[in-house]
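Below, chains carry the letters A, B, ... as their sequence lines are ordered, and counting in each starts from 1.
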Amino acid sequence: MKFLLYALLALAVVPFQTTLLHYVSILGVRPDLGLVAACLVGFLGGELDGLILGLILGCFQDMLSAGDLWINVVTKGGAGFLAGLAGRHMAHITPAVLTVGLVIISCLSSGVFLYAMNPAGIDEIWMGVRSTVLVQAAFDAALGAGLYLIFRRRWSDDRMVTDGAL
Amino acid sequence: MAISRSTYGTRRLAIVLFALLLVALFLLPSQSQGLLQYLGGPLGQILSLPLAAFSSLDRGISETWDGYIALQGVREENRLLRREIELLQGQNNQLRNSVAATLRYETLLNFKQQSSSRTVAAQVIGRDATNWYRGVILNKGENDGVRAEMGVVTPAGVVGRIVKTNSASSVVLLVTDPNNAIAGLVQRTRDEGIVEGTSHGRARLKYIPLLSRVQPGDRVVTSGLTGAFPRGLAVGGLTQVEKSEGDLFQSAEIEPEVDLSKLDEVLVITAPYEDAEAAQKLLQEIHGDRKRP
């Protein structure tokens, strides 16, 4: 059931990312919704959930991207897994912690892309970092923290209802 | 307790499978790509449905946005006749959109009829899923005869080449992407080179002979030496020529002919030369060029 839910989420997120997200791009860079979704699910649901959703999202993203067929599968799967590991070792997840975590994971994921692009020299690496890696990391972190703030209340309400029932 | 052990086992299995996937990708890259491409076929069919839905939503949003901007001015001009003007403006806007679309289709059709290539018309429905590649997604795929490595053009010139296909859509790598390379030719001097994208979103003609007298303003066209494009399609104009001391070749920056940020409809070249006669004509043209001093 959860797998189906993740597949449906991926079917909504990836087409949304490719068709509508250009309206909110800053400096030509869009947030990576797939990465944010995999990380949020990883942080809150554990590394297995993060990994599974990341792999599904990555697979769909690879089909709609000009890059090699492995790159999104590996980065999104890895991001979800890392987020899950980080989330399991934290007592309290706050928006600030989530923001820092997303910045780090987004930078690591973009680092894989930068490596795969075979940059010609340090100038191209620096340009990639400045023009895409940092902007996308900031964008992903802001979006992730925003989504967490929006849904946090609902999640905590659900938890309270469950705790109360027990 | 049993649930916890089972979750732990599943987690361990998932991690092992992920590790195996990574090992397979690094040790057998081409086989893994082939397998992933094979698995992607049916997934592409499923993915095309929400993609089409979001694409139509995208068109709806842009049309509504255009209409809103147009109506803002009208409302300021005359508040009393606002409702009537809104109605008329809305109709006018729809008609303008229809006229613009008809003109675009007409240009595309004229180009298609004049071209010696066999082409398939396609619509741009999205952009690359990541920020790292300059690519667009087309609504035509393998079911329409579109295959990887085919060239993509508009009446204005070269757009890029297909790099990935599935049953209902395909991904085009634009001419401005650094991973793209197309055989080009300077129209005036007939010097050949390779057109590659740059990280600044432009293109560059590389490997121009050192003695060539290319200059800013010269037009670059496809040379027809690679399979994707026929000879003579516009790529862009040279803006800056670089010749460094000690280098074996010159290079020049190209301003692409096509505005790649505003792509709507494109043609995919399924066969650069429709018949053997056209191919023969091209060969004669090439031989003629080579004999010329």
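The contact between B:Leu47 and chain A is made by backbone and side chain atoms together, counting heavy-atom distances below 4.5 Å. Residue A:Met63 touches chain B through both its backbone and its side chain, counting heavy-atom pairs closer than 4.5 Å. Of the atoms belonging to B:Ser169, it is side-chain heavy atoms, and not backbone ones, that fall under 4.5 Å from chain A. Only the side chain of A:Leu51 comes within less than 4.5 Å of a heavy atom in chain B; its backbone stays farther off. Residue contact with chain A, scored on non-hydrogen atoms closer than 4.5 Å, involves the side chain of B:Ile137 exclusively. Contact of A:Asn72 with chain B is made through the side chain alone, with heavy-atom distances under 4.5 Å. Heavy-atom distances place the side chain of B:Leu25, and not its backbone, under 4.5 Å from chain A. The contact between B:Asn179 and chain A is made entirely by side chain atoms (from C-beta outward), counting heavy-atom distances below 4.5 Å. Both the backbone and the side chain of B:Phe54 come within less than 4.5 Å of a heavy atom in chain A. Contacts between B:Leu21 and chain A at a heavy-atom distance below 4.5 Å involve the side chain alone, from C-beta outward.
A pairwise comparison of heavy atoms in A:Gly78 and B:Phe18 identifies N-CZ, 3.7 Å as the closest pair. Heavy atoms only, all atoms of each residue included: A:Ala66 and B:Leu173 are closest at CB-CD1, 3.5 Å. When all heavy atoms of B:Lys164 and A:Asp62 are compared, the pair lying nearest together is NZ-O, 2.6 Å. Residues B:Tyr133 and A:Asp68 approach most closely at OH-N, 4.4 Å, considering heavy atoms. Between B:Asn131 and A:Gly28, the shortest heavy-atom contact is OD1-O, 4.2 Å.
Applying the salt bridge (charged side-chain N to carboxylate O under 4.0 Å, His left out) test to pairs two or more places apart or on separate chains, none has a residue in residues 26-45 of chain B. Residue pairs meeting the salt bridge (charged side-chain N to carboxylate O under 4.0 Å, His left out) criterion with at least one partner in residues 69-79 of chain A, sequence neighbours excluded, are A:Asp32-A:Lys76.
In terms of heavy-atom pairs under 4.5 Å with chain B, the best-connected choice from A:Gln61, A:Glu124, A:Met117 is A:Met117. With chain B as the partner, the residue from A:Ser110, A:Ser25, A:Pro119, A:Gly128 showing the most heavy-atom pairs under 4.5 Å is A:Ser110. Between chain B and the residues A:Gly34, A:Gly67, A:Ala116, the largest count of heavy-atom pairs under 4.5 Å involves A:Gly67.
By a heavy-atom distance cut of under 4.5 Å, not one residue of residues 247-263 of chain B is near chain A. Using a 4.5 Å heavy-atom cut-off against chain B, the contacting residues of residues 6-21 of chain A are A:Leu11, A:Ala12, A:Pro15, A:Phe16, A:Gln17, A:Thr18, A:Thr19, A:Leu20.
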> B:Leu22 and A:Trp70: side chain to side chain contact (heavy atoms under 4.5 Å, CB included), yes or no, with the steps?
Replying inline: CA-CA 9 Å; B:Leu22 282 177; A:Trp70 59 270; over 6 Å; no
> Stepwise, does the side chain to side chain contact (heavy atoms under 4.5 Å, CB included) test hold for B:Ile15 with A:Phe81?
Replying inline: CA-CA 9 Å; B:Ile15 295 164; A:Phe81 182 71; 3.4 Å; yes
>> Would B:Thr130 and A:Ile71 count as a side chain to side chain contact (heavy atoms under 4.5 Å, CB included) here? Give the steps.
In response: CA-CA 10 Å; B:Thr130 69; A:Ile71 196 157; over 6 Å; no
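A 4.5 Å side-chain heavy-atom check between B:Trp132 and A:Val133 finds at least one atom pair inside the cut-off.
A 6.0 Å sphere centred on CG of B:Leu27 holds more than 12 heavy atoms belonging to other residues, nucleotides or ligands.
The CZ atom of A:Phe60 sits 11.5 Å away from atom CG of B:Leu51, with the distance rounded to the nearest 0.5 Å.
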